[in-house]
Amino acid sequence: MKFAVFISGNGSNLQAIIDAVQSKKITADLNLVVSNKSDVYGLERAKKAGIETAVFERKDYVSLKKREEAIVDLLKKKEIDFVVLAGYMVLFTPYFIQQYPNRILNIHPSLLPDFKGAHGIKDAFESGVQKTGVTVHLVDEEMDHGPIIKQQDVLIDPTDTLDSLEEKIHAVEHVLYPEVIQSYIENFSQS
Ligand code: GRF
């Protein structure tokens with residue numbers, strides 16, 4: 001099986017996935033990294049690992065739909081079976097989702113449905129909850145929504161700062177996401 005990872009930034013989850021592919025903890029081929037920004041560190045990580053990259057910037061397309069059509073054309077050309085979102089900060093239109101039904105995974109740094117959106121860690125921290133976490137889910141047409149595959153709790157200690165909580169969340173993400181991707185691949189192969 002072949003998959004693509006979509007990023008918009010630092011790509012620390014991408015790195016965890018690259019490492020898991022290289023050590024064969026993930027048994028599918030990571031053939032493409034897609035970014036909506038040309039100057040992000042995640043693209044460097046992909047290049048260092050010898051993975052093809054593609055950038056689809058908003059300014060180069062007359063509409064979101066046109067950009068998605070260009071992305072889908074590339075995914076089809078490369079025979080990508082499923083898509084992994086790792087910090088991709090763009091919402092898809094229904095058109096894109098319909099091209100890959102139940103074949104798009106996302107990771108979100110909270111226990112969904114709590115704290116959706118771009119600031120899941122900060123929002124949980126500022127709300128005063130004692131527990132937050134990480135969610136991996138299939139993507140549907142709503143933001144940070146769709147069938148949950150796995151969640152893991154992260155406790156917020158009284159001594160935690162926003163920085164220390166972010167570190168704890170990312171550490172969980174980097175273990176959880178490769179594991180869930182691999183179990184997804186195994187279930188997929190059986191179905
Ligand atoms: C992660 O916290 C992920 O849960 C969220 O965006 C962040 C991406 O971080 N969707 P990175 O680019 O993988 O370092």
Side-chain angles (χ1 to χ4, degrees), residues 3-23 25-26 30 32-49 51 53-57 71 82-92 96-97 100 103-127 129 131-156 160-184:
F3 70 107
V5 175
F6 282 39
I7 59 166
S8 298
N10 173 40
S12 67
N13 281 282
L14 167 65
Q15 188 65 57
I17 294 165
I18 290 172
D19 294 347
V21 169
Q22 288 176 344
S23 64
K25 288 182 184 149
I26 290 179
L30 171 48
L32 181 66
V33 170
V34 169
S35 174
N36 63 313
K37 292 184 180 166
S38 59
D39 57 350
V40 294
Y41 185 57
L43 287 171
E44 299 305 315
R45 298 179 190 269
K47 285 174 192 157
K48 268 186 210 146
I51 300 162
T53 60
V55 175
F56 295 88
E57 288 190 291
I71 298 173
F82 68 98
V83 166
V84 169
L85 307 183
Y88 189 63
M89 304 301 279
V90 181
L91 198 58
F92 291 119
F96 189 93
I97 308 291
Y100 289 92
R103 290 185 183 212
I104 308 171
L105 280 72
N106 184 40
I107 190 162
H108 183 79
S110 76
L111 296 174
L112 290 175
D114 293 340
F115 308 113
K116 294 179 182 181
H119 307 289
I121 304 176
K122 186 164 178 270
D123 292 346
F125 184 75
E126 287 177 354
S127 79
V129 290
K131 188 179 83 173
T132 182
V134 174
T135 302
V136 180
H137 65 100
L138 292 171
V139 172
D140 67 12
E141 292 166 16
E142 271 178 64
M143 182 186 66
D144 297 329
H145 189 266
I148 289 171
I149 305 178
K150 198 157 183 188
Q151 291 187 303
Q152 189 166 324
D153 294 350
V154 174
L155 298 181
I156 305 178
D160 267 323
T161 61
L162 179 56
D163 283 351
S164 70
L165 180 61
E166 280 177 354
E167 266 179 46
K168 289 199 306 198
I169 296 258
H170 293 315
V172 167
E173 288 184 328
H174 299 161
V175 176
L176 187 70
Y177 213 8
E179 283 176 3
V180 172
I181 292 167
Q182 180 57 19
S183 69
Y184 176 81

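Atom set for the values below is all heavy atoms of this structure, side chains included, hydrogens, waters and symmetry mates excluded. Being a predicted model, the structure only gives us computed values, none of them experimental. As the structure lists them, so they are numbered: ligands from 1, and atoms in each ligand from 1.
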**Student:** Near P109, which atoms of ligand 1 are under 4.0 Å from a heavy atom of that residue?
**Tutor:**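 Atoms satisfying the 4.0 Å criterion: 2 (O), 4 (O), 5 (C).
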**Student:** Looking at D114, D160, D153, which one forms a salt bridge (charged side-chain N to carboxylate O under 4.0 Å, His left out) with K131?
**Tutor:**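 When salt bridge (charged side-chain N to carboxylate O under 4.0 Å, His left out) is applied between K131 and each of D114, D160, D153, only D153 qualifies.
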**Student:** To which protein heavy atom is atom 12 (O) of ligand 1 closest, and what is the distance rounded to 0.1 Å?
**Tutor:**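 For this ligand atom, the closest protein heavy atom is G11 N, 2.8 Å.
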**Student:** Heavy atoms only: which of N13, L176, D144 lies closest to atom 9 (O) of ligand 1?
**Tutor:**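 Heavy atom nearest to atom 9 (O) of ligand 1 belongs to N13.
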**Student:** Tell me, which protein residue and heavy-atom name are nearest atom 14 (O) of ligand 1, and how many Å apart are they?
**Tutor:**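 Heavy-atom neighbour on the protein nearest atom 14 (O) of ligand 1: S12 OG, 2.5 Å.
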**Student:** Could you tell me whether K150 atom NZ has more than 12 heavy atoms of other residues or ligands within 6.0 Å of it?
**Tutor:**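 Not more than 12 within 6.0 Å, no.
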**Student:** Among L14, L32, V5, I18, whose side-chain contact (heavy atoms from CB on, under 4.5 Å) with I51 holds?
**Tutor:**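 The option that passes is I18.
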**Student:** Among all protein heavy atoms, pick out the one at the shortest distance from atom 8 (C) of ligand 1; state its residue, atom name and that distance to 0.1 Å.
**Tutor:**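 Answer for atom 8 (C) of ligand 1: G87 CA, 3.6 Å.
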**Student:** Would I107 count as a contact of ligand 1 if the rule is a heavy atom under 4.0 Å away?
**Tutor:**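 It does; at least one heavy atom falls under 4.0 Å.
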**Student:** Applying a strict 4.0 Å limit to heavy atoms, is G42 in contact with ligand 1?
**Tutor:**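 Flag not set, G42 not near ligand 1.
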**Student:** Does at least one non-hydrogen atom of E166 fall below 4.0 angstrom from an atom of ligand 1?
**Tutor:**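 No; E166 lies far enough from ligand 1 that no heavy-atom distance drops under 4.0 Å.
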**Student:** Looking at OH of Y184 and CZ of R103, how far apart are the two atoms once the value is rounded to the nearest 0.5 Å?
**Tutor:**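 That separation rounds to 6.5 Å.
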**Student:** May I ask you to test the F82-I181 pair for a side-chain heavy-atom distance under 4.5 Å?
**Tutor:**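 Yes, side chains in contact.
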**Student:** Got a second to check how far I169's CD1 is from H174's NE2, nearest 0.5 Å?
**Tutor:**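 I169 CD1 to H174 NE2: 11.0 Å, rounded to 0.5 Å.
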**Student:** How far is atom 4 (O) of ligand 1 from the closest protein heavy atom, and which atom is that?
**Tutor:**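 Checking every protein heavy atom, the shortest distance to atom 4 (O) of ligand 1 gives E173 OE2, 2.3 Å.
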**Student:** To the nearest 0.5 Å, tell me how far Y88 OH sits from K37 NZ.
**Tutor:**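 Going from OH on Y88 over to NZ on K37, the span is 11.0 Å.
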